[in-house]
Protein chains: 2
Amino acid sequence: MDKAVLFQKFVTFAAAVHEVTHELTKDIKPDDITPVQYSILEYIAVSQPVTLSQISDCKHISMPNTSRELKKLTEKNLCEKFDVAEDRRKQLIRLSAAGQTMMDETFQQIGGRFLNRIKDASAEELETINRALDVLQSKVFYE
Amino acid sequence: MDKAVLFQKFVTFAAAVHEVTHELTKDIKPDDITPVQYSILEYIAVSQPVTLSQISDCKHISMPNTSRELKKLTEKNLCEKFDVAEDRRKQLIRLSAAGQTMMDETFQQIGGRFLNRIKDASAEELETINRALDVLQSKVFYE
DNA sequence: CTCGTTGATTATCATTTGATAACTAAATGG
DNA sequence: CCATTTAGTTATCAAATGATAATCAACGAG
């Protein structure tokens, strides 16, 4: 397997993933939430509870800007901050009840579109897809 | 294979792809070019020659904004516009020599990082990765 | 105890991006 | 032909994002 060819395929593949992700999520993002705010909410939803620093690191947003956006999200009652007993500098962030409901609904819709996308796949194909995801995740898209 | 589980894996996977893509490309983008401009250049590099409308469609940027950004790129001598004989409304966009050189170097660097990422994979593993890319591209990330 | 580091906040500013309206020119379809 | 559609441009405005400096409190190592 020529590695240069593999790189070519990787480039095409990454573009396709971005495009499909966009396709699955477009027009779903709830009103009054900017793209960056949505991506933060998504991250919180999957990884909660998280600290501000974690959000900053993982989403590549500076601390001041993370703090600003999180403040807005808190003001919109979509997430909540909790003090950490062991380290009083830190704050843990979780989705509020309203935020959880909102993200649940969002994932519900995205999931629906995803299912529609794979609706023609047979059981064996689904198994193949599953293994392919594992392979790539561990060998290429790790860390 | 439970489809809901597959969706969960898809979400994690898409996030990993985004993250690794970011990792591979960060700090490489040449000076004086905004992220959106870079993504346009990338698209032109892979698909040239393209029309303004194609860029607008594929990158989800409105025509006025596409026109504006393309004008800036043209002023920076990174791409060139050509009239189309058959339809004088249209314009084909290509990278200029300088733009081509710049993008070649960029891809060179990204490719280096990619190779480093898969450097421990055996020949069989590379073949497995290759097939996994094909499977996902055709069954999940199509279109 | 003190110094350096970490986690977070506020304020401010420049830049980038997105959105809209108004317009030209060329094609296309009755 | 004339109306409509397509391709692209320009101008303008608002909003989102990124970057920086200054600050504060709490922790941790020596």
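Chain A is the first sequence line, chain B the second, and so forth, proteins listed ahead of strands; every chain is numbered from 1. On a predicted model such as this, the values are computed, not experimentally measured, just so you know.
A salt bridge links Lys72(B) to Glu69(B): one of the charged nitrogens lies within less than 4.0 Å of a carboxylate oxygen. A salt bridge links Asp134(A) with Lys9(B): the closest approach of a Lys/Arg side-chain nitrogen to an acidic carboxylate oxygen falls below 4.0 angstrom.
In this structure, Lys3(B) places its NZ atom where more than 12 heavy-atom neighbours from other residues, nucleotides or ligands lie under 6.0 Å away. Annotation for Gln8(B): atom CD does not count as buried by contact number, only 12 or fewer foreign heavy atoms lying within 6.0 Å.
When rounded to the nearest whole Å, the span between CG of Leu70(B) and C1' of dA7(D) equals 13 Å. Rounded to an integer number of Å, the gap from Lys71(A) NZ to dT12(C) P is 12 Å. Distance, Asp83(A) CG to dT9(C) C1': 14 Å, rounded to whole Å. The distance from atom CE of Met63(B) to atom C1' of dT24(C) is 13 Å, rounded to the nearest whole Å. Spacing between atom NZ of Lys81(A) and atom P of dG7(C) amounts to 15 Å, rounded to whole angstrom units. One can place CD1 of Ile55(A) at 13 Å from P of dG7(C), the figure rounded to the nearest angstrom. Atom CZ in Phe82(B) sits roughly 17 Å away from atom C1' in dG8(D) (whole-Å rounding). Rounded to whole Å, atom C1' of dA27(C) lies 15 Å from atom CD of Gln91(B).
Counting heavy atoms from C-beta on, the side chains of Ile61(B) and Val36(B) come closer than 4.5 Å.
Using a 4.0 Å heavy-atom cutoff across all strands shown, Thr51(B) reaches sugar-phosphate atoms only and no base atom.
For the pair Arg117(A) and Phe10(B), the cation-pi test (distance below 6.0 Å, angle within 45°) is failed.
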Report task. Take nucleotides 17-30 of chain D nucleotide by nucleotide from the 5' end and write B, S or -, depending on whether a protein heavy atom sits under 4.0 Å from the base, only from the sugar-phosphate, or from neither. Result -> BBBBB----BS---

